[in-house]
Amino acid sequence: MTKSLLMKIYIQFVFLLILLVCCKKEDDIKVLVSASVENSSEGTVEFSAGEFSVGSSHTFTANPSEGYTFSNWKDASSNQVYVNNPLTITVNDNVSLIAIFQKSAFSIDVNILGDGTIQKENLTSGNSEFLHGDTVELTALPASNYAFFYWNNDPIDTSNPKNIVVDGNMSLEAKFEFENAKKM
């Protein structure tokens, strides 16, 4: 073999070697994928972070703590928002999902026995919505010629107004009687 032919073979070999070392197949490209929570007291995430192949599919699950509900996922890398939970996505770029939770809203229902109304005031936020952990003041307002007697069929529970802490949907009972009956 001639020296020029050997040189051409050597150059082609080096070129192929460079191609093999520098160029990976699409399947070999890796991206970083992670998931966390905005506030760890509000919930947890089920997902193990790591390096994954481009085009791979992953499922993320957000589990709210008691008194909270899942709101959405936010990708810190792209600012994209997702509302599904669990969430399954195919990754093509780095992904850093953050689970966002919010306090659960609850109802306070009062069954009225007799004639009167109940005023509900959220002492925590002043809102008409009742969120987990809020303190709500219930004031029994008797109709004309009526008096408030007690809460929840308990003659000892006569505080008016009455403060309660919201920890779920609540149902109470307020007893009103003719005012003359209370004076007896």
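We use all heavy atoms of the structure for the numbers below, so side chains are in, but hydrogens, waters and symmetry mates are not. Owing to the predicted nature of the structure, the values given are computational and were not obtained by experimental measurement.
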Is the shortest side-chain heavy-atom distance between Thr61 and Val45 below 4.5 Å? no
Residue pairs involving residues 132-158 (criterion salt bridge (Lys or Arg N to Asp or Glu O under 4.0 Å); sequence neighbours excluded): Asp157-Lys162
Using ring-ring contact (aromatic ring centres under 6.0 Å, His included), reason through Phe60 and Phe47 one step at a time and then give a plain yes or no. CA-CA 6 Å; Phe60 305 84; Phe47 182 77; 4.3 Å; yes
I need the Ser104 OG to Asp167 CG distance, nearest 0.5 Å. 11.0 Å
Could you list the residues that satisfy ring pair (Phe, Tyr, Trp, His ring centres under 6.0 Å) with Phe176, not counting sequence neighbours? Phe148
Restricting to pairs with a member in residues 139-152, which pass salt bridge (Lys or Arg N to Asp or Glu O under 4.0 Å), not counting sequence neighbours? none
Apply ring pair (Phe, Tyr, Trp, His ring centres under 6.0 Å) to Phe70 and list each qualifying residue two or more places apart in sequence or on a separate chain. Trp73
For a quick test of your reading: what N or O donor-acceptor pairs under 3.5 Å do the side chains of residues 91-98 make, sequence neighbours left out?
unit_1	atom_1	unit_2	atom_2	d
Asn94	OD1	Leu32	N	2.8
Ser96	OG	Ser34	OG	3.4

Locate the shortest heavy-atom distance separating Phe130 from Val136; write the atom from each residue and the value. CD2-CG2, 3.4 Å
Should Asn160 and Thr139 count as side-chain neighbours, where that means a heavy-atom distance under 4.5 Å? yes
I'd like to know if the side chain of Asn122 pairs up with that of Glu129 as donor and acceptor (distance under 3.5 Å, no hydrogens or angles considered). no
Is there a path of hydrophobic side-chain contacts, each under 4.5 Å between heavy atoms of I/L/V/M/F/W/Y residues, joining Phe178 to Ile112? yes
Is it true that a side-chain atom of Thr158 and a backbone atom of Tyr150 form a donor plus acceptor pair closer than 3.5 Å? no
How far apart are the C-alpha atoms of Asn163 and Leu123, what are their side-chain angles, what is the distance that settles it, and do they pass the side-chain contact (heavy atoms from CB on, under 4.5 Å) test? CA-CA 9 Å; Asn163 289 346; Leu123 299 178; 3.8 Å; yes
Which heavy atom of Ser77 sits nearest a heavy atom of Asp75, and at what distance? N-OD1, 2.8 Å
For Ser144, check side chain to side chain donor-acceptor pair (under 3.5 Å) against everything at least two apart and list the hits. none
Distance-only, no hydrogens or angles: does the Ser107 side chain make a donor-acceptor pair with backbone N or O of Asp109 under 3.5 Å? no
